[in-house]
Amino acid sequence: MPAFPYSTTYRTTYRTAGTVTAVAVPPSLSLPVIEAVFPRQLHPYWPQLQENTRSWLLEKRLMPPDKVAEYADGLCYTDLMAGYYLGAPDEVMQAIADYSAWFFVWDDRHDRDVVHGRAPAWRQLRRRLHAALDFPAEHRQHEDPLVAGLADSVGRLYSFLPKTWNARFARHFHQVIEAYDREFHNRAEGRIPGVDEYLALRRLTFAHWIWTDLLEPSAGCELPDTVRKHPAYRRAALLSQEFAAWYNDLCSLPKEIAGDEVHNLGISLITHEGLTLEEAVEEIRRRVEESISEFLVVEKDVLRLADRLADGTVHGKELGAAVRACLANMRNWFSSVYWFHHESGRYMVDSWDDRSTPPYVNNEAAGEK
């Protein structure tokens, strides 16, 4: 039985590439404020982006050709990024989209390594990813496509801003890799983290600060610490990411229950807070809606910060404009994430032959049969 029945679904519309398309949204997942206040946009490069990322997945052997042909476009990975990083130069947009597609493939490999008990394969991959992140040029031809794909995409991302940005991005992603390792051990042991522990871990596995870092090459400017660490800017960035992570938990709850997952806010609430499934869904919705409401308040503070930065100097004008561009894309993240979850085949668990096995994944570890 579907976790979120579509029998009473209403239909809404959005614009993409100049056309209006109807998309079904279950009432339990609908957020009218997103549809009313966060208009959806797509980067004009999106059609080419989709084609190029599809070709990149094939070239880097990150997905088998039959999986790419059947599922790549329907997974909507490029749609998600094209709805987020508006204003990015085309080459930056392409590098981000390829990195994002790689991230989803990595997430799937991690999942399959857990499901099939491939602990040695995961440990090896973890070590290799750390090395590729620090020395991408040395790993572009690695035998493992996942390692080579990270090296290629990250190497391109490192070309846009100064080395200080590269070091920050690497530091943040090293933390993400280690968080995935903690998830691996939790799942292998069947250990469901408590709510507070889960929320802290989720900020890393969802890569909150990675997607926030990527706002800067999109805006063409590395922001100084005084801006990035300003309470209003940091809060706005965090809220946009928390919304995405919690809405993802809400939408993926049936998929993750079916797959015996242990990392979902709903699963932690049920296990450690004694909530029913219905109560857990309601609590996640409450958190999602609060993140939207608070963002609408704090974005005004960030706009005031941008005004203060634009002090009449050339540098101030550029910095104020960059902050406005980053804030606008934080706002875009809300609508992009929302529609992604209702368009992407990644969450259509009720249509899968096996609800615990996504049809688009490769069950083999690199080098294994």
Side-chain angles (χ1 to χ4, degrees), residues 28-35 37-38 40 80-81 83-85 100 103-104 107 172-173 175-176 179-180 182-183 193-216 223 227-253 256 261-270 272-273 275 279-302 305 323 326-342 344 346-347:
S28 56
L29 299 176
S30 68
L31 295 170
V33 66
I34 294 294
E35 299 173 31
V37 183
F38 294 81
R40 188 186 193 187
L80 176 64
M81 293 296 111
Y84 186 13
Y85 297 102
S100 171
F103 200 113
F104 280 110
D107 186 73
H172 287 159
F173 198 65
Q175 294 170 348
V176 171
Y180 264 70
R182 294 201 292 278
E183 278 206 349
V195 172
D196 289 343
E197 179 188 350
Y198 170 75
L199 292 174
L201 182 62
R202 183 63 162 149
R203 289 178 179 177
L204 294 172
T205 57
F206 198 82
H208 281 22
W209 302 117
I210 290 294
W211 307 119
T212 301
D213 288 337
L214 289 169
L215 293 168
E216 294 169 58
L223 298 178
V227 173
R228 288 190 305 104
K229 296 181 179 180
H230 187 280
Y233 183 91
R234 190 169 179 84
R235 186 62 182 163
L238 180 61
L239 286 166
S240 72
Q241 295 297 320
E242 297 280 52
F243 164 81
W246 296 338
Y247 194 69
N248 175 268
D249 278 6
L250 185 64
C251 294
S252 62
L253 186 56
E256 292 178 343
E261 250 284 9
V262 299
H263 297 105
N264 185 290
L265 179 55
I267 293 172
S268 289
L269 288 166
I270 291 167
H272 295 286
E273 304 294 331
L275 273 60
E279 290 169 341
V281 167
E282 188 58 34
E283 172 60 16
I284 301 173
R285 274 194 66 100
R286 184 189 67 78
R287 290 173 182 255
V288 165
E289 290 168 353
E290 283 190 354
S291 68
I292 300 169
S293 299
E294 188 176 347
F295 179 85
L296 291 171
V297 173
V298 77
E299 77 171 332
K300 297 174 183 174
D301 296 330
V302 181
L305 170 64
V323 169
C326 291
L327 177 64
N329 281 336
M330 292 176 199
R331 166 179 268 274
N332 287 333
W333 192 227
F334 286 85
S335 59
S336 193
V337 164
Y338 180 72
W339 292 115
F340 171 68
H341 281 86
H342 302 298
S344 174
R346 195 172 180 87
Y347 303 101

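Since the model is a prediction, treat every value here as computed from it, not as a measurement. Side chains are part of it too, since the values below use all heavy atoms of this structure and drop only hydrogens, waters and symmetry mates.
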How long is the span from the [atom1] atom in [X] to the [atom2] atom in [Y], to the nearest 0.5 Å?
X      : Y      : atom1 : atom2 : result
Ile270 : Leu253 : CD1   : CG    : 6.0 Å
Glu282 : Leu250 : CD    : CG    : 9.5 Å
Phe206 : His263 : CZ    : NE2   : 15.5 Å
Gln241 : Asn248 : CD    : CG    : 11.5 Å
Cys251 : His342 : SG    : NE2   : 5.0 Å
Arg331 : Leu239 : CZ    : CG    : 13.0 Å

Under the side chain to side chain contact (heavy atoms under 4.5 Å, CB included) criterion, do Leu29 and Tyr247 qualify, and how do the steps go? CA-CA 9 Å; Leu29 299 176; Tyr247 194 69; 3.7 Å; yes

Within the distance-only criterion (no hydrogens, no angle test), does the side chain of Thr205 pair as donor or acceptor with the backbone N or O of Ala179 below 3.5 angstrom?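 A pair under 3.5 Å: no.
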
Tell me if a side-chain donor or acceptor on Ser268 pairs with a main-chain N or O of Leu265 at a distance below 3.5 Å.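 No, Ser268 side chain to Leu265 backbone: no donor-acceptor pair under 3.5 Å.
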
Evaluate side chain to side chain contact (heavy atoms under 4.5 Å, CB included) for Glu299 paired with Met330, printing each intermediate quantity in order. CA-CA 9 Å; Glu299 77 171 332; Met330 292 176 199; over 6 Å; no

Yes or no on side chain to side chain contact (heavy atoms under 4.5 Å, CB included) for Glu273 and Glu279, after CA distance, side-chain angles and deciding distance? CA-CA 10 Å; Glu273 304 294 331; Glu279 290 169 341; over 6 Å; no

Does NZ or CZ of Arg286 come closer than 6.0 Å to the centre of the six-membered ring of Trp246, within 45° of the ring's axis?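 No; the conditions do not both hold, so Arg286 does not lie above the ring face of Trp246.
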
In a check of ring-ring contact (aromatic ring centres under 6.0 Å, His included) between Phe243 and each of Phe334, Tyr338, Phe295, Trp211, which one passes? Phe334

Test ring-ring contact (aromatic ring centres under 6.0 Å, His included), reference Tyr84, set Trp339, Trp333, Phe340, output is Trp333

Using the salt bridge (Lys or Arg N to Asp or Glu O under 4.0 Å) rule, take Asp249 and Arg202 through it: C-alpha gap first, then chi angles, then the decisive distance, then the call. CA-CA 10 Å; Asp249 278 6; Arg202 183 63 162 149; 2.9 Å; yes

Where is the tightest heavy-atom contact between [X] and [Y], given as atom of each residue plus distance?
X      : Y      : value
Leu80  : Ser336 : O-OG, 2.7 Å
Ala232 : Asp301 : CB-CB, 3.7 Å
Leu269 : Ala280 : CD1-O, 4.1 Å
Ala237 : Thr212 : CB-CG2, 3.7 Å

Output yes when Arg203 and Glu242 qualify as a salt bridge under the 4.0 Å nitrogen-oxygen rule, no when they do not.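 Salt bridge flag = yes for Glu242 with Arg203.
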
Checking side chain to side chain contact (heavy atoms under 4.5 Å, CB included) for the pair Tyr233/Leu223: CA distance, chi angles, key distance, verdict? CA-CA 11 Å; Tyr233 183 91; Leu223 298 178; 3.3 Å; yes

For residues [X] and [Y], determine if any side-chain heavy atom of one lies less than 4.5 Å from a side-chain heavy atom of the other.
X      : Y      : answer
Leu204 : Arg182 : yes
Leu31  : Arg285 : yes
Leu201 : Glu183 : yes

Under the salt bridge (Lys or Arg N to Asp or Glu O under 4.0 Å) rule, what do Arg287 and Glu283 come out as? Steps first, then yes or no, please. CA-CA 6 Å; Arg287 290 173 182 255; Glu283 172 60 16; 3.0 Å; yes

Relative to the ring of Trp209, is the ring of His172 parallel (under 30°), tilted (30 to 60°) or perpendicular (over 60°)?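 Tilted.
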
